[in-house]
Asker: 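The structure's right below; bear with me while I get my questions together.
Just the heavy atoms: all of them, side chains too, but no hydrogens, waters or symmetry mates, feed the values below.
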Amino acid sequence: MSASHSAVRVSAIVPAYNEAERIGAVLWALVQAPSVGEVIVVDDGSTDGTATVARSFGVRVVSLPTNCGKSVALDRGVQKARYETLLFLDADLVGLRPDHVERMIQTYIEEKRDMVVGIFRNGRLNTDLAQTIAPYLSGQRVLSTSLWKKLRRTVHKLDFGVEIALTKLALKENWSQGFVELDGVTHVMKEEKFGLSRGLVSRFKMYGDIVRSVFTRVT
C-alpha cells in the first residue's frame with residue numbers, strides 16, 4: 001500500500017512522564033531539525049516539572065491530568081497535530097542529533113515508505129542488542145496520521161505495547177517499512193530512572209503491555 005507523502009513538514013510528538021531531567025536533550029535535537037514543523041510534548045500526568053522544561057524550548061505542551069499511558073498520550077498528540085506526517089520519539093533518548101531526525105524523515109519521504117523505524121546503534125550494548133533482536137520494539141517512528149488512526153479503536157488498551165501493535169498492523173496490511181540506524185543513540189534504563197525495585201516493577205509492567213498487545217486485535 002502507499003501512504004501520502006506529500007507533506008514535507010512533520011509533527012513531532014513526544015510522550016513524557018516525569019522526564020524533566022532528560023527531555024531537554026530530545027527537544028534540543030528536534031527544534032533544530034529543518035523538516036520538523038512543530039513539536040508537541042504530551043505531558044502524561046507528570047509531577048516533576050516536565051511541562052515547564054518543555055515550554056522552555058518553545059514547543060507545544062499538552063498536559064494530561066493523570067498518567068494515561070504511552071499509547072493514549074501519543075494519540076492525544078496526534079489529535080493536536082497540524083501535519084499529516086508524524087514523528088514519534090521517546091522522551092528519554094540519549095545522544096539524539098538533528099541529523100538522526102532528518103534521516104528518519106527523509107527516508108520516509110524519499111523512499112516513499114509507509115513507516116520508518118529508528119534503530120539504536122553504538123549507543124550502549126544492552127539497548128543495541130535489544131533492538132537488533134527486536135527492532136519492532138523501537139518507539140522512534142515516522143508514519144502518517146491516516147495509518148495511526150487505524151489503531152484508534154484499541155489505543156487505550158496498548159500502553160507500552162503500541163509499537164508491537166503498529167508492527168502487527170504493518171505486517172497485516174503489508175506496509176512498506178524502512179529502518180534507519182541512529183548511531184550513538186540509546187535511552188535511560190528504567191532502573192536508572194526509578195531505582196532498582198521501582199525500575200523492575202515498571203519494566204515488568206512494560207513487558208506485560210507488550211505481551212498483551214500481541215494478543216490484542218489491532219483492526
Asker: Can you tell if the side chain of Glu173 reaches within under 4.5 Å of the side chain of Leu169, non-hydrogen atoms only?
Answerer: yes
Asker: Could you tell me whether the side chain of Arg9 and the main chain of Pro34 form a donor-acceptor pair under 3.5 Å?
Answerer: yes
Asker: Quick check: does any side chain N or O of Thr85 sit under 3.5 Å from a backbone N or O of Ser144, one acting as donor and the other as acceptor?
Answerer: no
Asker: Would you find a donor on one side and an acceptor on the other, under 3.5 Å apart, between the side chain of Glu102 and the backbone of Ser35?
Answerer: yes
Asker: Is there side-chain contact between Trp148 and Leu166, with heavy atoms separated by less than 4.5 Å?
Answerer: yes
Asker: Please check if the side chain of Asp44 supplies one atom and the backbone of Gly69 the other of a donor-acceptor pair under 3.5 Å.
Answerer: yes
Asker: Tell me, with the steps shown, if Ser46 and Glu19 meet side chain to side chain donor-acceptor pair (under 3.5 Å).
Answerer: CA-CA 8 Å; Ser46 298; Glu19 297 288 0; over 6 Å; no
Asker: Whether the side chain of Ser11 engages the backbone of Tyr83 through a donor-acceptor N/O pair (distance < 3.5 Å, no angle test) should be reported.
Answerer: yes
Asker: Could you tell me whether the side chain of Val31 reaches within less than 4.5 Å of the side chain of Val36, counting heavy atoms only?
Answerer: no
Asker: When you compare the side chain of Leu96 with that of Val101, does any pair of heavy atoms fall below 4.5 Å?
Answerer: yes
Asker: Can a donor-acceptor pair be found, under 3.5 Å and without considering hydrogens, that links the side chain of Arg113 to the backbone of Ser176?
Answerer: no
Asker: Does atom CD of Glu21 have more than 12 heavy-atom neighbours from other groups under 6.0 Å away?
Answerer: no
Asker: Counting distance only, does the side-chain N/O of Asn67 pair as donor-acceptor with the main-chain N or O of Gly45 below 3.5 Å?
Answerer: no
Asker: Can you confirm whether Phe88 sits close enough to Leu74 that some side-chain heavy atom of one is under 4.5 Å from a side-chain heavy atom of the other?
Answerer: yes
Asker: Quick one: does Asp92's side chain have a donor or acceptor within less than 3.5 Å of a partner on Arg22's backbone?
Answerer: no
Asker: Hey, does Asp43 have a side-chain heavy atom less than 4.5 Å from the side chain of Arg55?
Answerer: no
Asker: Apply side-chain contact (heavy atoms from CB on, under 4.5 Å) to residues Val39 and Phe57 and explain how you reach the verdict.
Answerer: CA-CA 10 Å; Val39 179; Phe57 284 84; over 6 Å; no
Asker: Can you check whether Glu181's main-chain N or O pairs, donor with acceptor, with Arg103's side chain at less than 3.5 Å?
Answerer: yes
Asker: Got Leu93 and Gln140 here, is their nearest side-chain heavy-atom distance under 4.5 Å?
Answerer: yes
Asker: Before accepting this row, confirm whether a basic side-chain N of the pair Lys70/Asp90 lies closer than 4.0 Å to the acidic partner's carboxylate O.
Answerer: yes
Asker: Can you check whether Val59 reaches Val14 side chain to side chain, under 4.5 Å on heavy atoms?
Answerer: no
Asker: Check whether any side-chain N or O of Glu111 sits under 3.5 Å from a backbone N or O of Gly178 as a donor-acceptor pair, and report yes or no.
Answerer: no
Asker: Run the side-chain contact (heavy atoms from CB on, under 4.5 Å) test on Leu182 and Met104 for me, step by step, so that the C-alpha distance in whole Å, both residues' side-chain angles and the decisive distance to 0.1 Å come before the verdict.
Answerer: CA-CA 9 Å; Leu182 306 177; Met104 288 183 65; 4.1 Å; yes
Asker: Supply the atom-to-atom distance Leu143 CG to Gln177 CD, rounded to the nearest 0.5 angstrom.
Answerer: 10.0 Å
